[in-house]
Amino acid sequence: MKIDFSSDAHHDIACDLLAVGVGTDLSADLADLDARFDGQLSTLANRRKFEGKAGQRLLVPTFGKLGAHELLLIGIGDGTDANLRAAAGVAGRSARSQKATHLALSVGNGDATALNRWVEAVNVGNYAYEVYQAEADQTPVLAQLTVVSNDALGTQEAQIRSDAQAWTRDLVNAPAAEIYPESLAAEAQKLSTIPGVTVEIWDEAKLVAENCVGILAVGQGSDRKPCMIRIQYRPANAKGHICLVGKGVTFDSGGLSMKPSNGMQTMRCDMGGAATVLGITKAAAALGLPIAIDTFVGAAENMVNGNSFKLGDILTYNNGVAVEIHNTDAEGRLVLADCLLEANKVDAASHILDFATLTGACVVAIGSDFTGLFTHSDELATGLMTAAKATDEGLWRLPLHKPYNDMLKCEWGKIKNVGGREAGATTAALFLEHFVEDKTWAHLDIAGAAFLDKAKGPYVAGGTGQMVRSVTTWIESL
Ligand code: BES
Ligand code: MN
Ligand code: ZN
């Protein structure tokens with residue numbers, strides 16, 4: 001997408017769709033446009049009860065009275081920063097549904113950060129996954145965005161971040177027939193064209209040699225071989241070093257503890273954690289951020305065949321923890337454990353952040369507007385929550401309550417791979433903690449936010465790519 005700026009009056013800009021933010025001081029905000037419509041715009045707004053409240057919108061054909069073919073008034077209420085960003089998201093999504101390829105966005109003047117966020121929000125809203133739609137049913141992505149503002153600030157950065165998020169969404173949306181461990185690894189391999197990035201894949205034989213028991217067990221019931229994706233990003237002048245870990249279950253049938261059909265329907269999204277860390281790594285590296293990153297993805301397909309892993313199996317991990325399998329559908333934590341143990345080994349790294357579509361319990365607790373955050377570090381929690389707020393991604397801290405470790409007790413191993421009915425998202429996080437050593441750690445359960453069954457807010461149905469912008473913003477803040 002080409003991004004340009006115009007300090008011209010917005011009524012003159014030639015484009016498909018002009019999106020104008022209108023606040024509750026309606027008559028002042030509309031005066032200039034209203035004059036071009038001989039007062040009929042305010043009459044229409046009045047009749048349609050468009051009062052400039054946040055979330056309201058009014059689409060008007062311009063019949064040649066403006067440079068734009070169509071005008072979209074978007075309510076911005078009292079004009080808070082968040083309302084302006086939401087308006088940009090609405091503009092992006094409307095542009096897609098109106099088949100506009102040139103959008104002009106006019107929501108006022110902003111600094112570099114604000115402009116950045118607007119461009120990101122337009123991109124979030126403009127996204128659609130139409131790979132499998134007939135050509136006639138496809139809608140065009142924006143080719144040009146004209147920001148009506150005082151200056152051309154920071155949009156290069158926004159475009160890089162937006163592209164990374166869109167890549168994450170594409171990976172999540174692609175069917176499991178397309179994205180399986182090996183092809184996910186091939187996608188990750190594309191990152192090696194970015195300066196400073198190297199990608200290494202541990203295939204099944206290497207996983208056996210390294211005793212990655214979790215990835216192997218989850219993957220052993222599938223014809224698609226599992227692997228571990230390992231990415232290093234080494235910037236020239238690193239000021240810090242972190243590890244990212246992602247759950248890459250490319251399809252989760254539940255294994256022998258099989259999911260019912262409706263629970264399985266969208267389980268291609270179960271590599272959402274992997275897609276998220278790939279997106280973050282891409283954004284950070286493409287931006288040249290001065291933080292070294294080691295990224296680990298455990299990629300496996302959780303399927304059923306004569307060799308599937310079984311209930312009662314015991315997996316002994318490289319740190320000596322023996323895990324008793326009580327449910328093959330609690331597989332995400334099993335693949336993450338191997339990756340966390342690898343991340344511990346990165347001596348120079350101070351933090352580990354893992355991302356996983358881990359528990360239905362998290363979705364039950366906080367729904368799809370939020371990612372669940374588990375960490376013992378108040379500082380890390382504050383940093384991540386601040387970044388999430390700035391990018392309008394929902395993040396909510398949940399208890400990492402150690403006494404609940406009791407629920408993981410079992411007879412023959414150290415821990416079992418499921419807790420009880422209570423606090424399922426917390427017991428999953430506590431399971432993971434058995435594989436974290438001395439680094440500052442956060443676990444982000446994206447089971448709800450990573451994938452939407454139905455369009456909501458600026459998002460179409462499917463992968464949302466949430467946490468890519470939040471965590472990239474957090475890395476920028478380090
Ligand atoms: N991939 C699922 C979790 C999930 C559920 C992700 C809904 C996205 C939407 C995970 O592997 C799983 O099956 N978890 C089980 C754990 C249980 C067996 C302890 C669950 O949540 O039911
Ligand atoms: Mn599962
Ligand atoms: Zn799963």
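In each ligand, atom 1 is the first atom listed, and ligand 1 is the first ligand listed.
- Among protein heavy atoms, the minimum distance from atom 18 (C) of ligand 1 is reached at N327 ND2, 3.4 Å.
- Distances below 4.0 Å separate heavy atoms of V418 from the following atoms of ligand 1: 19 (C).
- Protein heavy atom closest to atom 21 (O) of ligand 1, with residue, atom name and distance, is G360 N, 2.6 Å.
- Electrostatic pairing of D369 and K456 counts as a salt bridge here, judged by a charged N lying under 4.0 Å from a carboxylate O.
- Minimum-distance N/O/S atom of D252 relative to the Zn ion (ligand 3): OD2.
- Vertex the Mn ion (ligand 2); arms to D329 atom OD1 and E331 atom OE1; angle 120° (nearest 10°).
- If you check which protein heavy atom lies closest to atom 14 (N) of ligand 1, you get L358 O, 3.5 Å.
- Within the 3.5 Å criterion, the main-chain N or O of A429 finds no donor-acceptor partner in the side chain of R333.
- Residue contacts to the Zn ion (ligand 3): D329 brings no N, O or S atom closer than 2.8 Å.
- A side-chain contact (heavy atoms from CB on, under 4.5 Å) with V418 is found for exactly one of N327, I325, L408, T359, namely N327.
- Considering the Zn ion (ligand 3) as centre, the angle to OD2 of D270 and to NZ of K247 is 90° (10° rounding).
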Check against side-chain contact (heavy atoms from CB on, under 4.5 Å), W441 and L432: CA-CA 10 Å; W441 165 67; L432 297 178; 3.8 Å; yes

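- Residue, atom and distance of the protein heavy atom nearest to atom 2 (C) of ligand 1 are D252 OD2, 3.6 Å.
- Those atoms of ligand 1 with a heavy atom of E331 less than 4.0 angstrom away are 11 (O).
- At the top of the distance list for atom 7 (C) of ligand 1, counting protein heavy atoms only, stands M267 CE, 3.7 Å.
- Counted within 6.0 Å of CD on Q156, heavy atoms from surrounding residues, nucleotides or ligands total 12 or fewer; the atom is thus considered open.
- Taking the Zn ion (ligand 3) as reference, the nearest N/O/S atom within E331 carries the name OE2.
- Atom numbering of ligand 1 starts at 1 in the shown order; those under 4.0 Å from a heavy atom of D270 are 1 (N), 11 (O).
- What sits closest to atom 16 (C) of ligand 1 on the protein, heavy atoms only, is R333 NH2, 4.0 Å.
- Within a 6.0 Å sphere centred on CD of E182, heavy atoms belonging to other residues, nucleotides or ligands number 12 at most.
- Aromatic ring pairs are classed by plane angle as parallel below 30°, tilted from 30° to 60° and perpendicular above 60°; the pair Y132 and Y129 is tilted.
- In this structure the side chain of Y233 never reaches within 4.5 angstrom of the side chain of I242, judged on heavy atoms.
- Between R234 and D294 there is a salt bridge, with a side-chain nitrogen of the basic residue lying less than 4.0 Å from a carboxylate oxygen of the acidic one.
- For atom 12 (C) of ligand 1, the closest non-hydrogen atom on the protein side is D329 O, 3.2 Å.
- Among the atoms of D270, no N, O or S atom is found under 2.8 Å from the Mn ion (ligand 2).
- In summary, no N, O or S atom of V249 is located under 2.8 Å from the Zn ion (ligand 3).
- Shown are T382, L400, T440; of these, the side-chain contact (heavy atoms from CB on, under 4.5 Å) with S377 is made only by T440.
- Contacts between M264 and ligand 1, counted as non-hydrogen atom pairs separated by less than 4.0 Å, are absent for every part of the residue.
- Counting non-hydrogen atoms of other residues, nucleotides and ligands closer than 6.0 Å to CD of Q189 gives a total above 12.
- Between the Mn ion (ligand 2) and the N, O or S atoms of D252, the shortest distance is to OD2.
- Shown in contact with T357 at under 4.0 Å from a heavy atom are these atoms of ligand 1, numbered in order with element: 1 (N), 2 (C), 3 (C), 6 (C).
- Using a 4.0 Å cut-off to heavy atoms of K259, the atoms of ligand 1 that qualify are 2 (C), 12 (C), 13 (O).
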Could you please spell out the steps behind the side chain to side chain donor-acceptor pair (under 3.5 Å) verdict for T295 and T281? CA-CA 7 Å; T295 301; T281 308; 2.9 Å; yes

